[in-house]
Amino acid sequence: MRIRLHGSELDCLRTARHLEHVLDVIDISRPYPDRPPSQLVRLYLTVNTPTSNPQISKGD
């Protein structure tokens, strides 16, 4: 599964590091800058899909 983070570079990197604690993160891409004049970036995470999580029920 690919997850895209979009925001400031610091926020994206910080969030990616937090997600590593709750998801099986395989890869974190380099930050891709938006077109000027935007100061935001995109960061892509490749993660394994969780197979079981007791906090998520089948109906969610």
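Numbers here are sequence positions counted from 1.
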Inset, instruction - Following the transitive rule for hydrophobic clusters with a side-chain heavy-atom cut-off under 4.5 Å over Ile, Leu, Val, Met, Phe, Trp and Tyr, establish whether V41 and Y44 coincide in one cluster. - result: no
Inset, instruction - Sorted by first residue and then second, give each salt bridge (Lys or Arg N to Asp or Glu O under 4.0 Å) pair with at least one member in residues 21-40; sequence neighbours left out. - result: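 Found D34-R42.
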Inset, instruction - Scan residues 11-20 for pairs that pass salt bridge (Lys or Arg N to Asp or Glu O under 4.0 Å), counting only residues two or more places apart or in two chains. - result: R17-E20
Inset, instruction - Taking all non-hydrogen atoms of both residues into account, name the closest pair between S29 and L43 and its distance. - result: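 Looking at all heavy atoms of both residues, the shortest contact is O-CD1, 2.9 Å.
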Inset, instruction - Can you see which heavy atom on C12 is nearest to which on G7, and at what distance? - result: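 For C12 and G7, the tightest heavy-atom pair comes out as SG-N, 3.4 Å.
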Legend entry - Partner residues of L19 under the side-chain contact (heavy atoms from CB on, under 4.5 Å) criterion, sequence neighbours left out: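 Here the qualifying residues are L5, T15, V22, L23, L45.
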Legend entry - T49: partners by side-chain contact (heavy atoms from CB on, under 4.5 Å), with sequence neighbours left out: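 Checked T49 against side-chain contact (heavy atoms from CB on, under 4.5 Å); matches are M1.
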Inset, instruction - Give the other cluster members for L40, using side-chain heavy-atom distances under 4.5 Å between Ile, Leu, Val, Met, Phe, Trp and Tyr residues; answer none if it is isolated. - result: none
Inset, instruction - State, yes or no, whether a side-chain contact exists between I3 and V47 at a heavy-atom distance under 4.5 Å. - result: yes
